[in-house]
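Take a look at the structure set out below.
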There are 2 protein chains.
Amino acid sequence: MKNNIFLTLYKEVAQQIDAGVLPPGSKLPSEHEFAATYDTSRETVRKGLNMLAQHGYINKVKGKGSFVLNNGKLKFPVSGLVSYKELSERMGYLSRTIVYVTECVPAGEEIARELKVSADHLVWKVIRAREIDNERVILDIDYLLADVVSGLTKEITTDSIYHYLEQTLQLKISYAEKIITVDQVNELDQSFMDLGEDSHVVVVRGYVHLEDTTLFQYTESRHRLDKFQFVDFARRIVVEES
Amino acid sequence: MKNNIFLTLYKEVAQQIDAGVLPPGSKLPSEHEFAATYDTSRETVRKGLNMLAQHGYINKVKGKGSFVLNNGKLKFPVSGLVSYKELSERMGYLSRTIVYVTECVPAGEEIARELKVSADHLVWKVIRAREIDNERVILDIDYLLADVVSGLTKEITTDSIYHYLEQTLQLKISYAEKIITVDQVNELDQSFMDLGEDSHVVVVRGYVHLEDTTLFQYTESRHRLDKFQFVDFARRIVVEES
DNA sequence: AAGTGGTCTAGACCACAGC
DNA sequence: CTGTGGTCTAGACCACTTG
């Protein structure tokens, strides 16, 4: 669809790294060479390469070149905005989604506070359990503003809400804040998850915004302790005092 | 020291947002205006603004402009490579570091595996507890390759290892992989932390690399459940299939 | 000295918002 | 139509690494 040269370069190189065509430690063509093969300018090449570096695919060293990093396979839940469906597909897991609730209700006190609307504001409430190896280890509770999202059905929530929002409703999801904490188990957890003796669950709260900064979704993703893992790739950025 | 225009712009605008001079929701000058006031090109301005956007400071909307986001204050342990000292300074916490161990020893089986060296390879082993409100709630266990890092002392580890590495040793820290899980409490935790009845701790494992991709540090940061919080800012990047 | 990535320029054209 | 951000160009100079 799009013609973005730097995104094309990003995708192609990332794919080659994922596929092992470009093995860890190998040296990429120089920016000048990339500019020639993609028939573009060096600045455009650099946009793509910098994106690869930020996502942990490569490492750039001044005077030497760009090199493939070896973390390609360990990318479990890579940091970022990734939905459960994208994740499980990427990992090839034996997983299943069980939809318990898909209804449109008034927000209520607590959720109204999270979504910064009035308590009688209509929201979609979706409760889903994620099953891995026949155990419900993740409980996802989503609240979406009804005046932004319309026509949710159980079929859609079984598949992927994000896909529906972006493809069908053409919503432009821009960014999200996620907060990870460890909370006491509550009644919902005990009803809808297969917990052992655990007294706690990992809770990932997500606040998802549209391009115009509208907060339209609040999510609680509750994970059994032994099945939770979060992987983060971080570059060191030195910001000295001025 | 440096003359980077885009970094200067980033720092200045970020500071103004942090200080509230640029309140949430307010509109930044256009890229053209920034280019004029900083006497630079628009592409250079864009580098700085994109950096602000990636770090959750602003939101850019095509056709409209750049706007300040309101998450400025909630930045607790923001995702990224930030040391404890930088963090606590930023938050103004009443905190203290207790150094239990600063010694140079053979790596041993387990650590050798993490750092991908032989078991008799010499490493610095540092164990520190982080005290907040008179409770030791974080236990940091660091292993650093001795042939990369030299001359560690208790004074240095009380202050900031990172500062020593970057300022004194001139090491160029490039990136890290972090993995967050929840583990069973072990003997070290019970000895050096003020745990309640908790049976688990949050464990943040960090693998820190230099610019030449050398893995030189393995870190375990073990947090009491009720004091752990991780905040992540994530932009949605759509990478369609080709 | 040659090659590499890091920064920057002074334009250009496009897509999108809003009047 | 004007102003905005998104993409791109064809150079330039610098700092760094390597031979």
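By convention in this document, chain letters (A, B, ...) are assigned in the order of the sequence lines, proteins followed by strands, and residues within each chain are numbered from 1. This structure is a prediction, so every number in the text was calculated from the model and none was measured.
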**Request:** With sequence neighbours excluded, tell me which residues meet side chain to side chain contact (heavy atoms under 4.5 Å, CB included) with B/S150.
**Result:** B/L169
**Prompt:** Based on Watson-Crick and G-U pairs with both distances under 3.5 Å, what dot-bracket line describes DNA chain D 5' to 3', crossing pairs as [ ] and inter-strand pairs as |?
**Reply:** |.||||||||||||||||.
For [X], which residues count as a side chain to side chain donor-acceptor pair (under 3.5 Å) partner, sequence neighbours excluded?
| X | result |
| --- | --- |
| B/S26 | none |
| B/K60 | B/E31, B/N50 |
| A/D39 | none |
| A/E211 | none |

**Item:** DNA chain C: 5'-most and 3'-most nucleotides touching chain B, 4.0 angstrom heavy-atom criterion
**Value:** C/dT7 to C/dG18
**Request:** Ignoring hydrogens and angles, state whether a donor on the side chain of A/H209 or A/Q217 is under 3.5 Å from an acceptor on the partner side chain.
**Result:** no
**Request:** With the side chain counted from C-beta on, respond yes when A/V208 and A/I173 share a heavy-atom pair under 4.5 Å apart, and no when they do not.
**Result:** yes
**Asked** Does a salt bridge link A/R236 with B/E166, judged by any charged N lying under 4.0 Å from a carboxylate O?
**Response** yes
**Request:** Enumerate the residue pairs fulfilling salt bridge (charged side-chain N to carboxylate O under 4.0 Å, His left out) with a member in residues 145-158 of chain A, sequence neighbours excluded, ordered by first and then second residue.
**Result:** none
**Prompt:** Taking only residues two or more places apart in sequence or in another chain, which ones pass salt bridge (Lys or Arg N to Asp or Glu O under 4.0 Å) with B/E43?
**Reply:** none
**Item:** With sequence neighbours excluded, residues passing ring pair (Phe, Tyr, Trp, His ring centres under 6.0 Å) with A/Y218
**Value:** A/Y207
**Complete:** What residues 41-49 of chain B contributes to the DNA chain C interface at heavy-atom separation below 4.0 Å is B/S41, B/R42, B/E43, B/T44
What N/O pairs connect the protein and nucleotides 14-19 of chain D at under 3.5 Å? Give each pair on its own line.
none

**Prompt:** With respect to B/R128, which candidate in B/D140, B/D142, B/T102 satisfies the side chain to side chain donor-acceptor pair (under 3.5 Å) definition?
**Reply:** B/D142
